[in-house]
Amino acid sequence: MPSLFLGILLLGLRVTESQASGLAPPQQVRLDADTEAQKLLVTWEDGRASTFDVEILRTELMEIVFNETVVATEDQSTGKHQWNWTSPVPLECTSLSVKVRSRDGQDVSEWSSQQILPGLDLPDNTDSQMYPEGKTVPVGSNMTFCCIVKEGQQFGSLLYKDTLVKETMLSRRTYATTMTNQGPSNPSGTNVVCSDEKKMIITGAVVFVGYPPMPSDLVCETHDLISVDCQWSKGRETYLFGMARQTYYTLNGRNCSKARDSNMRCGLEQWDGNWTLVARNLLGEFRLTDAAELGHRVRPVAPVNLTTPEVYSWNASVGWLWKYNGYERLSLICQVQRTSHSNSSTQTYTGYGLNTVVLKDLQPDEKYNVKVRCGSQKNFWKWGEWSLPLSFQTKMDRPVAPDIWLWMDSDNLGRVLWKPLTKSESHGQISGYEVTLWSPEENSQQTLTLPQSMYSLPINVTDRWSKVTVTARNPAGVSLPANVVIPRHLPDAEDTTISKVTFNGSGFPLSWVAHANASCGYVVDWYNTSCTHDCNVEWTRVAADNTNTMVQSSNFFAGVRYTFSLYACSSESTVLLERWHGYMQELVPSRTVPRLSPNQEGSDVQLTWDQIPLEHQRGFILGYTVYLTNASHLTLLANITDPQLTNHTVKNLVLGSYKFTVKAYNAAGEDGGATVSISLDPYTYWLIMEILVALGTMTCLLIIITIACYRKRKWVKKAFYPDIPEPKLPGEWGITQGTLDVKPSPHSMVHIVEDSVWDSSKEALVTVPEEDEEGTGDEEADTDEPASLRYYNQVVEEGSSSRGRPHASDSSASSTGSMDSGHTDVTYTGIQTSACSLAPMAHFQPQPDASQCAGGGGYRPQMQSASCPEDPQTGPEEHLQPPVGSFGGYQPQCSWKQDSPEADGGGLDQACLGSPTSVTSSQFLLPYDTSEEGKEHQSSASTWFHNLLTGKP
Amino acid sequence: MAGTRTRRGTGSEQSRTARAAALAEQLHHECTLLLDLYRKKETFAKELTVSGDHLVTVPPLSSQLLPNDMLWRLYSALQQCRNLLERAIGREEVVGNGEDRAQYENQKKTVRDRLGHLLESTRLLLADGAGTAAFTPEPKNTEIDGPVNGSPFALKLWIYRIFNELEHWTLTASNTLKALHPDGATPKERGTSGRARGRRTRR
């Protein structure tokens, strides 16, 4: 009940409002659709208002697509209002509902009745469709495509080209997508495909996106002086193809059906003077205009039928025909382009109706291609097309004189060189050369004919010839002669300064000071510096007034040193002025320094190497770098900037192994580097010297010790080797010694000094020698001794074992002991009352220290013995038999020899008694029989020491 | 209509069948390539399939059919394919320039020529040699002549369907002719079977 009341109230208010405004709603609203343009024309009748509210909805989903107040003037003739609306969505996509109401300020009328523009998605239209289809739009356009799926079919997706795009549902069967800023299409257009959920194509549309035409550069001209031929540029690509969408052209209203692709030209039969070109496609049209007088736009056609009426060695004439007769009265300017094997030049000729020209400055025996094109000389517009080429060959002529040069291989041998004649110089096929050697002094000549392949002739400058002439020959004749003077005195190359010259990209720039004797100019020759035999020599000539040149050659190679020599040329001789060395391009040396070797000098290492051979230097060696190589790392030790210095000393190295790398470098860089290893020894020589010094020191020390020991041998013996009485009594001693008759010497007397106190200045024993023994005492040492002191009780034995025995110190006692025991091996031979026997002592052993015997009592240990002189002495005859047997009877060593079981009587005689004994050295002065040595092994240590003391080896 | 020949034919017939099978196989390869070129030209995604009925209408090729009947139906299908291809070539406008266009146009001509050769080879295999007695499309099938509404997309889709039909029927022809051949292999394959025994065959 309340709601009913509210509805009635609202209806009442609306009626009241309408009546209050006084505006009548639009009547007879009508919709007219232009589907191609997607425009909706709405017309209605109502003459009182000028503004209207228009509301447009998608009928099916009731979505408002337009709701605005518009101004619609009344058409006076029909009395209707009309309003156009361009739909962003194709009108076929879905139904639209339109209603209108009048507005006057804030007053509005009621809405008109709703008019519906039916879409193609109505149920009675069951097929699938897509809109817009086949539309042509400009690049950059925005477009909305809609897909109406088949009744009962399920929509899947929309693809623009092959890209999936987002869709919007417009109705139950309609889905739309909007593409913005579209790019140019493929030639067949851009496809928009609508598919179902199974990826099956339902329908689709094609849109052609491109540009309107925009040609340029319209130019019209005449070739035949009657008709017109217009050309233009196509300009920007339209991206529109096909009969319906391509660009069409008209010239002054006439179709240019042949204007296709890149052939943008169109012709008219008569010269109009003004031309308008219209280019048109579906997106628009473009106009171009041109205007000119005929005489200003003459472009002659290409000459035809070229011929050569006359051909000579140095010139020829060329003729042609014109296609149009009108050219006979036309002033023409023609270009004739002639091309020989590598040269091309163009000459210009003029004339009315020009159809023949004479070509000058041709080369003999040369094949030419000529072609001609012409233009109007008056009011020149453009050159016409080139004619087809014409070929001809000029006749031969005699060659030019060859360029010759004399190059010295050595002091006496040289080569006359001449350059092969080029095509432009030979004037025909060269058949050979003639070389003439002249001797003006002897008025003689010699001519040699050389084949065409020879370009040099060796000569000896010491021969009588002084001038060489070379001529070249071809079928047309002989060339003028070319001369070169053979120098009598060769320039001294050693005195010539040599500079460096740098390649500047095109050649070697050389300059020099003018030389007074260069009457016929200068010659610069060059060759590979490292070449030694049959070198390729090139040269160039410089005029006398020039003092510089640029040496260029196709035979320059990188990394090769060239020597350039400048000669002053005169009629008499050539003079070497200057020399240069240069590289076209320096390369790093191609090899390493040779013979790299290390040499240890104490803690230093001197590296030496040889210079890289010239052909491997490949640049001016600037120096060397010395590296210490550690694994792959190089440590720079020195940079030797003097290329002549080929050694380097690395100082203060510690012991170890080192690898050194030496690299030569030039402007291009370093070579690969030569590496050498060295292991520093611990100063071998020093070590050897130390050893030698040590040995020497030890030797000296030993000598000093030996000397000291020798000089103090008694003390030594006493200190380290005291006499130990240890007589041995061999069991058969009595038998063995039985043959010895011990007799007291009748000539010896021992005077016993009755003095209880020992006086070293007096002899303890005084021996009265025999008279005949006096003469034997010729030893100097003995001369000072008192003759009475002939001490014979010296222990004389072989081997150290005897030293332990107190032979002499207590000889009498020992003797007595021996006698008593009958086992002692001590035999006192020749000792009379004392142990001193003068004769043997003086005879066998010089006494270096006479005091020991004289002053000190001789052999002190014995002298200290008080019983020394007590024993009766042997007879004097035993003194007369030295050395065999006994020498006076005192032979303790002989007794000791009886230690050995083998020591028999014979052995005693041979070994002991036959050997003189030095008193001082306790050494037998005559050598033992070697057979005895084996018996003494047991005392070898003592022997050694004894030998040491005695100096015996 | 059904021929009296059996699969055990004469030696020359076997050779002809083998040659036809090899030709069909080669043609199928060409049709596949043509289809790829068309997809590329029209930027049709490969996963998209074409809708609509088959443009070529022949009774189904059953394995229970006599060989000659199978050949005859196959011949009819290929003949319709050739007609469709001719129409497609005639209606498709040659536009654009460049290498892709030239390759596509050449491929169309290649398929057309090879299809003519396959038709002739197949006709020779028929018992009566009566290629003229082939099936004709159903008169109601208006799609044979292509779209008439001037829709560029409809024309493209129609050509796409024709190329699909070509690819389908040349594959069918290749398989059928191989099946009809006694050894089931092409002469080339048989010629190399002795050496290449155990190796993978071409198909």
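In what follows, chains are A, B, ... by sequence order, proteins preceding strands, each numbered from 1.
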Around atom [atom1] of [X], are there more than 12 heavy atoms of other residues, nucleotides or ligands at under 6.0 Å?
X        : atom1 : value
A:Lys150 : NZ    : no
A:Arg260 : CZ    : yes
A:Arg172 : CZ    : yes
A:Phe155 : CZ    : yes
A:Gln115 : CD    : yes
B:Gln103 : CD    : no
A:Glu36  : CD    : no
A:Glu197 : CD    : yes

Should B:Lys156 and A:Val206 count as side-chain neighbours, where that means a heavy-atom distance under 4.5 Å?
yes

With the side chain counted from C-beta on, respond yes when B:Phe153 and A:Val207 share a heavy-atom pair under 4.5 Å apart, and no when they do not.
no

Stepwise, does the side-chain contact (heavy atoms from CB on, under 4.5 Å) test hold for B:Leu48 with A:Val193?
CA-CA 9 Å; B:Leu48 290 178; A:Val193 179; 4.0 Å; yes

Stepwise side-chain contact (heavy atoms from CB on, under 4.5 Å) check, A:Ile201 with B:Tyr160:
CA-CA 11 Å; A:Ile201 298 175; B:Tyr160 193 32; 4.2 Å; yes

Top of B:Pro152, B:Gly150, B:Gly96 for chain A proximity - count of heavy-atom pairs under 4.5 angstrom:
B:Pro152

Answer with side chain, backbone, both or neither: which region of [X] has an atom nearer than 4.5 Å to a non-hydrogen atom of chain B?
X        : result
A:Phe208 : side chain
A:Met130 : neither
A:Ser188 : both

If we ignore hydrogens and angles and just use 3.5 Å, is the side chain of B:Glu93 paired with the main-chain N or O of A:Met243 as donor and acceptor?
yes

Could you tell me whether the side chain of B:Glu42 and the main chain of A:Asn191 form a donor-acceptor pair under 3.5 Å?
no

Name the option with the most non-hydrogen atom pairs under 4.5 Å to chain B; the candidates are A:Gly242, A:Ser195, A:Gly134, A:Gly204.
A:Gly204

Are A:Asn186 and B:Lys41 linked by a side-chain donor-acceptor pair shorter than 3.5 Å?
no

The reported gap from OG1 in B:Thr43 to CG in A:Leu159 (rounded to nearest 0.5 angstrom) is 9.0 Å

